[in-house]
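Bear in mind that the values here come from a model prediction, so they are computed numbers and not experimental data.
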Amino acid sequence: MKFAYRFSNLLGAVYRQGNLNFSKDGNAVISPVGNRISIFDLKNNTSETLPVSTTKNIRCVGLSPDGNLAIVVDEDGAALLVSLITRAVLHHFHFHKPVNSICFSPDGRKFVVTKENVALMYHAPGKQREFNAFVLDKSYYGPYDETTCIDWTDDSKCFVVGSKDMSTWVFGAERWANLIYYSLGGHKDVIVGCFFEKDSLDLYTVSQDGTLCVWESDTELDGLVLKKSQNKPKSLRQEEEEDEEEEERMEGQEGEVIRGKAEAPKEKKTKNVRYKQRSKHFFNKEGDFNNLTAAAYHKSTHILVTGFASGIFHLHELPEFNLIHSLSISDQRITSVAINSSGDWIGFGCSGMGQLLVWEWQSESYVFKQQGHFNNMASLAYSPDGQYIVTGGDDGKVKVWNTNSGLCFVTFTEHTSSITNVTFTSSGFVVVSASLDGTLRAFDLHRYRNFRTFTSPRPAQFSSLAVDVSGELVSAGAQDSFEIFLWSMQTGRLLEVLGGHEGPVSCLCFSPVQSILASTSWDRTVRLWDMLNSWQVKETLPLTSDGLYVTYRPDGQELAVGTLNGEISFWNPNTATQTGSVAGRHDLEMGRKETDKITAKQSAKGKSFTSLCYSADGESILAGGQSKFVCIYNVKEQMLMKKFEISCNLSFDAMEEFLDRRKMTEFGSLALVDEGAGDGDGVNISLPGVRRGDLSSRHFKPEIRVSSLRFSPTGRSWAATTTEGLLVYSLDGSLVFDPYDLDLDVTPGSIRKQLRLQEWASAIVLAFRLNEKALKQEVLETVPHEQIPVVCGSLPDIYVEKLLGFVATCLEKSSHLQFYMTWAQNLLMLHGQKLKNRSGAILPTLQALQKSIQRHFDNLSKLCDFNMYNIRYTVALSKQRGIKRAAEEDKEGEEDEEDEEDLSDEMSENVSS
């Protein structure tokens, strides 16, 4: 059961490249992140990564009008048809060439794909299961260069395609007599966007040099006439030729071919559709030439959004071209723009910095603003309750992520160089980070500020970090001076400099139960320093190779050390004896880089594990390094239990064991040829100090590696910082059937029989012996509320811990809050002393319970505060209305009195007369 982990979420990256999409209701953004798809729910403030991945980075995503299907295409043209309801891959397809854009028709019956200079129209997959989900209908030729963008008319009769040859082509989706194709010029640069007006054939085209052309059609959509089939008698020769063409077309799967020519239309009986340029507008009126990189148009509100290479975006109202507002949201180029269905929210993606922003233009405020680490992530750490993850990256930023929502809620930017290590203190409210800028910094998660900065007497680059259990002692190891520095968290003063290592200190770790610091170094030793006895060396453990990583088991009774020769050795810190070792070099399975002169098998001999982490129960250990695999070993048996492949993305280097022979030439590998900027493949590295306009941009393929691993304190998940981002793997109970003390009598029927007899304790014991989650939940929720204390008191001790863990799991997602809280309270009250004696073993269970309770507490407190404010507002409003009503009644009373006085005066006058 403990190895049934599966990928659950991708944190640390929110956008890489490709086009953004909004969901049908407009409340969620669908963003391509590398070779995966993340969905960000803007209403509930949560994120989710789909359990599907392509073989290379995703280039474009097409969403069906009903929001149920997505077509995901990678850089090579390999496509996946994904159901957004079941989160499953329905079909695989390959376009064989890079695809620039993909767009469904508004009626959902067709979709158009642009690759090279062709537009291909396919029948969209229907609700019934087809043998081939991608059936080509027509191929449209016309542009002389690559096609860039697509848009459809509202009734799906026509679509328009923009091209790099500065032309725009309007094609008919059916064989219209008066519109087969139409070519539009008028631009001097690449077409970035082309858009139809609502319920019209009128067009807007936008080019890269910042020019907008408004085109007016002389025909309405209703004026399109279907071409009649001419039923002339055909000769036998013509019929044979047509049959041959049909067979060739079916074999090549080309569908009907329509070839457009840029020439004046010939005179016909039917009047053809004509376009004329109504107006032309320019974005760069001030003269600061700036490339227009992305555009989107909302037909209902007539709003055009344009993004520029400088990070500025404009909002214009069409067709008058009135500027609504413009704003700079980044210092990087805006790669993608999308507008939601209501037209209120605009999504922006900036691939240079990995930014994803959603802007509400009417209130001029951010709805969503997230940015991942735009360089490699170096380290991560879980908070003691498992609710938060802190990450440090080579970009010098420290980010704290919420594991429930998957979003970053605070970023600290005080460091001026790469972060090498991060950790939480035992309280969970302080984050400490070490950096190559020569400082350690402590951050407060209550006030979100840097309240302590630790420095050494001489400048040193800190590569390792550890904080003791009390949170009072902070230690860091230096790369260049071979020394370990100790500071006090309360005063910020340097307490001691520990010398003794004869090489760079690679890792530090405090014992979780004693005041002992373990340090490992390249001098092939592990030293145990006693913090209570004048910081003396208590033990020195000799290693067979350079030490790279050291970590304590959660109970402090074992030490695991990773060395340069690929071994993991286990030591007893009390007796200073080695208890076992694992030779894990062959488990790493290195890939061969494109620039390597030797095979992957040879290069693996020099590789080793660079990160280790014990599981919460201490029975297994995670190990990762410069490879795409993470290994999990059983410590007692000293054997490999499972290997997790963290990525299948071939856009990274060192992914494949063997190089592609097709790329090998007599002069060497084609991968060694520097293609310069190219079409934007790889990661852009700018020259130091250059902020924009770097003319010497280079590209490289990032190498796949795992830089840091951590198990959650709850034991239900683990996380890894990789080249791809922060990957979280969660325990999936549905994957494995793992019964406990199973017998022939333990069946679902016998369990339900005990429930009918109201033998609650017996039913719970049998359900836990069968260990089926749905059945356990059914039994637990059948027990009457008033019987819970009695059942808890009569349970055998061995099942108390299991029931407590199950209650913690159910409490996380169940809406029966009071019911499960009653179970937890009674179990802890009645068996508290026995559980306390086994506190070390059940600590992950208690932390999971605490995490669930804390989450519900936060949600309820927010809801209660909101309700209180609403009630106060309602009371104040009712008082105000009451005062107004009283004033009105007084006024009416005064008017009535005046009327009565006037009436009595009139009567007295009449009497006197």
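Among all heavy-atom pairs drawn from Ile646 and Tyr729, the shortest one is CA-OH, 3.6 Å. Across all their heavy atoms, Leu775 and Pro748 have their closest contact at CD2-CA, 4.0 Å. Nearest heavy atoms, Gly406 versus Leu11: O-CG, 3.8 Å. In plain terms, the two heavy atoms of Leu517 and Ala466 that are nearest each other are CD1-CB, 4.3 Å. The shortest non-hydrogen separation linking Ile621 to Ala560 is CD1-CB, 3.5 Å. Scanning all heavy atoms of the two residues, the minimum distance from Leu640 to Cys631 falls at CD1-CB, 3.6 Å.
Side-chain contact between Val52 and Arg87 is absent, with no heavy-atom pair separated by less than 4.5 Å. Inter-residue side-chain proximity for Leu588 and Phe629 is flagged as unmet; no heavy-atom pair is nearer than 4.5 Å. Two residues are said to be in side-chain contact when any heavy atoms from C-beta on lie closer than 4.5 Å; Met531 and Leu473 meet this criterion. Put simply, the side chain of Val765 reaches to within 4.5 Å of the side chain of Leu795, judged on heavy atoms. Taking the side chain as every heavy atom from C-beta outward, Phe368 and Val29 never approach each other to under 4.5 Å. At a threshold of 4.5 Å between non-hydrogen side-chain atoms, the residues Val390 and Thr423 do not count as touching. Side-chain contact between Val430 and Leu445 is absent, with no heavy-atom pair separated by less than 4.5 Å. Annotation: side chain of Thr723 is in contact with side chain of Asn376 (closest heavy-atom distance under 4.5 Å).
Formation of a donor-acceptor pair under 3.5 Å by the Thr420 side chain with backbone atoms of Ala434 is found in this model. Ser506 places a side-chain N or O within donor-acceptor distance of the main-chain N or O of Thr520, the cut-off being under 3.5 Å. Side chain of Ser852 to main chain of Ala808: a donor-acceptor pair is present (N/O by atom type, distance under 3.5 Å, no hydrogens or angles). No donor-acceptor pair under 3.5 Å is formed between the side chain of Ser383 and the backbone N or O of Gly428. The main-chain N or O of Leu486 is never found under 3.5 Å from a side-chain atom of Ser475 such that the two would form a donor-acceptor pair. Distance alone, capped at 3.5 Å, places no donor-acceptor pair between the Thr551 side chain and the Cys613 backbone. When atom types are taken as modelled, the side chain of Ser47 and the backbone of Ser405 share a donor-acceptor pair closer than 3.5 angstrom. Looking only at distances, no side-chain donor or acceptor of Ser511 sits under 3.5 Å from a matching main-chain atom of Ile516. Checked by atom type and distance alone, the side chain of Ser31 pairs as donor or acceptor with a backbone atom of Val14 at under 3.5 Å. Of the possible donor and acceptor atoms, one in the side chain of Asn450 sits under 3.5 Å from a partner among the backbone N and O of Arg452.
Taking the centre of each ring, Trp718 and Tyr614 stay at or above the 6.0 Å mark. In summary, the aromatic rings of Tyr388 and Phe424 are positioned with their centroids too far apart to meet the 6.0 Å limit. For Tyr552 and Trp571, the ring centers are positioned 6.0 Å apart or more.
Comment: Asp444 engages Arg447 in a salt bridge, judged by a side-chain N to carboxylate O separation of less than 4.0 angstrom. Classification of Glu645 and Lys628 as a salt-bridged pair holds, one side-chain N sitting under 4.0 Å from a carboxylate O.
More than 12 heavy atoms of other residues, nucleotides or ligands sit less than 6.0 Å from atom NZ of Lys643. Remark: Glu786 CD is packed, more than 12 non-hydrogen atoms of other residues, nucleotides or ligands lying under 6.0 Å away.
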**Request:** Could you walk me through whether Tyr448 and Phe443 pass the ring-ring contact (aromatic ring centres under 6.0 Å, His included) test, one step at a time?
**Result:** CA-CA 7 Å; Tyr448 301 137; Phe443 303 98; over 10 Å; no
**Request:** Run the numbers on Arg553 and Asp555 for salt bridge (Lys or Arg N to Asp or Glu O under 4.0 Å), then give the verdict.
**Result:** CA-CA 5 Å; Arg553 201 165 70 184; Asp555 62 359; 2.9 Å; yes
**Prompt:** Between Leu726 and Leu10, is a side chain to side chain contact (heavy atoms under 4.5 Å, CB included) present by the stated rule, with each step listed?
**Reply:** CA-CA 6 Å; Leu726 175 60; Leu10 171 65; 5.7 Å; no
**Derivation and outcome, side-chain hydrogen bond (donor to acceptor under 3.5 Å, both in side chains), residues Asp468 and Ser470** = CA-CA 6 Å; Asp468 76 332; Ser470 66; 2.7 Å; yes
**Message:** Does Phe857 form a side chain to side chain contact (heavy atoms under 4.5 Å, CB included) with Arg855? I'd like the steps, not just the answer.
**Reply:** CA-CA 5 Å; Phe857 174 76; Arg855 182 184 172 188; over 6 Å; no
**Request:** Please assess Arg36 against Phe7 for the test side chain to side chain contact (heavy atoms under 4.5 Å, CB included), listing each intermediate value before the final yes or no.
**Result:** CA-CA 12 Å; Arg36 298 181 185 273; Phe7 173 78; 3.5 Å; yes
**Message:** Test side-chain hydrogen bond (donor to acceptor under 3.5 Å, both in side chains) on Ser379 and Asn421; report intermediate values, then the result.
**Reply:** CA-CA 5 Å; Ser379 179; Asn421 221 314; 3.2 Å; yes
**Asked** Do Glu724 and Leu727 pass the side chain to side chain contact (heavy atoms under 4.5 Å, CB included) test, and can you show the C-alpha distance, the side-chain angles, and the key distance before you say yes or no?
**Response** CA-CA 8 Å; Glu724 198 167 31; Leu727 304 176; 4.3 Å; yes
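Counting only N and O atoms by type, the side chains of Asp858 and Gln854 include a donor and acceptor under 3.5 Å apart. Looking only at atom types and distance, the side chain of Lys399 has a donor-acceptor partner in the side chain of Thr411 under 3.5 Å away. Using modelled atom types, one finds no donor on one side chain facing an acceptor on the other under 3.5 Å when comparing Ser730 with Ser717. The closest side-chain donor-acceptor pair between Asn574 and Gln557 falls under 3.5 angstrom.
The side chain to side chain donor-acceptor pair (under 3.5 Å) check on Asp41 picks up Asn44, with sequence neighbours excluded. With sequence neighbours excluded, the residues forming a side chain to side chain donor-acceptor pair (under 3.5 Å) with Ser38 are Thr49, listed by chain and number.
Remark: Ile853 CD1 to Leu860 CG distance equals 12.0 Å, nearest 0.5 Å. Between the OG1 atom of Thr46 and the CD1 atom of Ile39 there is a distance of 10.0 Å, given to the nearest 0.5 Å. Here the straight-line distance linking atom CG of Asn35 with atom OG of Ser53 works out to 5.0 Å at 0.5 Å rounding. In this structure, NZ in Lys397 is found 12.0 Å from CD in Glu414, a value given to the nearest 0.5 Å.
Classification of the Trp401-His373 ring pair by plane angle, with boundaries at 30° and 60°, yields tilted. Under the 30°/60° scheme for interplanar angles, the aromatic rings of Phe819 and Trp823 are found to stand perpendicular.
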Identify each donor-acceptor pair in which a side-chain atom of residues 705-713 lies under 3.5 Å from a protein atom, sequence neighbours left out, and give them as a table.
unit_1, atom_1, unit_2, atom_2, d
Ser707, OG, Met377, O, 2.7
Ser707, OG, Thr721, O, 3.2
Ser707, OG, Thr721, OG1, 2.8
Arg710, NH1, Tyr549, OH, 3.1
Arg710, NH2, Tyr549, OH, 3.3
Ser712, OG, Thr714, N, 3.2
Ser712, OG, Thr714, OG1, 2.9

